2 protein chains.
Amino acid sequence: MTSNKEIHETCFMKEKCLKYETCPMVLVQNLLSGKRKILILWYLNYETLRFNELRKKLPDVTQKMLTQQLRSLEADGLIYRNIYPVTPPKVEYGLTELGRKIIPILEMMHGFGADYLEKAELSSPVQEK
Amino acid sequence: MTSNKEIHETCFMKEKCLKYETCPMVLVQNLLSGKRKILILWYLNYETLRFNELRKKLPDVTQKMLTQQLRSLEADGLIYRNIYPVTPPKVEYGLTELGRKIIPILEMMHGFGADYLEKAELSSPVQEK
DNA sequence: ATTTTAAGTACCCTTTTAGATACTACGGCA
DNA sequence: TGCCGTAGTATCTAAAAGGGTACTTAAAAT
């Protein structure tokens, strides 16, 4: 069993982490916390997609919400938006270099989450939103 | 520059990830998304703390909110709550084994977030909540 | 002349989350 | 006898996030 101390030493805690407003972890959480943002990044990690292609993959997201999330991800520099000046419009979304760098975090979250679910199945059901 | 394909191959994507409700990453996001939860876990990674000790470290959190977050973290199995039957009451909070396992994710988020902030300082300011 | 298509906006309403304030129980202490 | 400290509840209000429906634009197809 690992001691708190051991873990503590691998932890690169800094002053700014202790203030919620300047904490880099909290920032990342904010980057990812819009509804379906994780899934959008996950899909775009496979291939660039057009607006309606994404929409088909996320059938429970309204057009408005998808636009909102995409705009937010773009503003945060995680995805790019490429407009082809044609009619009807063609708009292509993909991960930026920065966006690709956040994928390993999602993978790690996936690893923990999958473990967690396995254990949860053995005991009580997990609260989901 | 890493290609999408390379990253894709390191990605252990599974069916369940493609449905928002059953996605382990989304689960982890939910585990961490209550306000100040990250910070609470971060503090408890150092040492166990009593309710009012935590409160002093989080001066902008009301008693109610702190209780709420602690209850939620406890229900999710990330922290434990140890009640000493004395008066005035003494209640001690600490990370469970599971809670300690989520810390590396926070560290990784910290790493990305810190990088991100460095770059953001050079260009436009980041949207924070 | 009307319909279709892609990629949106605009406007309004509901739900969720968070914050403010006040109150409680219990025993020890002055 | 009444106040202090710990660890809370309870209640109400405000702000943020999310959802539903309708409208837009411009060219090409029917």
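Below, chain A is the first sequence line, B the second, and so on; all start at residue 1. Because the structure is a prediction, the values reported are computed rather than measured. As a basis for the values below, the full set of heavy atoms in this structure was taken, side chains included, without hydrogen atoms, waters or symmetry mates.
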Phosphate oxygens OP1/OP2 of dG5(D): is one of them under 4.0 Å from a side-chain N or O of Arg55(B)? no
So, for Leu41(A) and Ile103(A), which heavy atoms are closest and what is the spacing to 0.1 Å? O-CD1, 4.0 Å
For the residue pair Arg71(B) and Thr67(B), establish whether any side-chain heavy-atom pair is separated by less than 4.5 Å. yes
Compare side-chain N and O positions of Arg50(B) against OP1 and OP2 of dA7(D) and report whether any pair is under 4.0 Å apart. yes
Please step through side-chain contact (heavy atoms from CB on, under 4.5 Å) for the pair Ile105(A) and Met109(B), ending with a clear verdict. CA-CA 7 Å; Ile105(A) 293 179; Met109(B) 286 166 70; 3.9 Å; yes
Five-pair end axes of the helix from dA1(C)-dT30(D) to dA30(C)-dT1(D) and the angle they enclose, rounded to 10°: 30°
Please report, rounded to the nearest Å, how far the C1' atom of dT5(C) is from the CZ atom of Phe51(A). 13 Å
For Leu70(B) and dT6(D), give me the distance from atom CG to atom C1', rounded to whole Å. 14 Å
Nearest whole Å is fine: how far is dA17(D) C1' from Asn30(B) CG? 14 Å
For Arg71(B) and dT9(D), is the shortest distance between a side-chain N/O and OP1 or OP2 below 4.0 Å? yes
Membership question, hydrophobic clusters at under 4.5 Å side-chain separation (ILVMFWY): are Leu39(B) and Tyr80(B) in the same one? no
Going through the checks in order, is the side-chain contact (heavy atoms from CB on, under 4.5 Å) test met by Leu73(B) and Lys37(B)? CA-CA 8 Å; Leu73(B) 288 166; Lys37(B) 275 189 184 175; 3.7 Å; yes
Indicate yes or no: at least one non-hydrogen side-chain atom of Ile102(B) is less than 4.5 angstrom from one of Tyr116(A). no
Report the distance from atom CG of Leu54(B) to atom P of dG8(D), rounded to the nearest whole Å. 11 Å
Checking all strands, does Tyr93(A) fall into the base, sugar-phosphate, or nothing category for heavy-atom contacts under 4.0 angstrom? sugar-phosphate
Check: Asp60(B) and Arg36(B) side chains under 4.5 Å, non-hydrogen atoms: yes
Across nucleotides 18-30 of chain C, 5' to 3', mark each nucleotide with B, S or - according to how protein heavy atoms within less than 4.0 Å reach it. SBB-----BS---
In whole angstrom, give the distance that lies between atom CG of Leu49(B) and atom C1' of dA7(D). 15 Å
Where does the angle between the aromatic ring planes of His110(B) and Trp42(B) fall among parallel (under 30°), tilted (30 to 60°) and perpendicular (over 60°)? parallel
Of all residues at least two apart in sequence or in a different chain, which pass the side-chain contact (heavy atoms from CB on, under 4.5 Å) check with Glu53(B)? Leu49(B), Arg50(B)
By nearest atom, which of the nucleotides dG8(D), dG8(C), dA6(C) is closest to the Thr67(A) side chain? dG8(C)
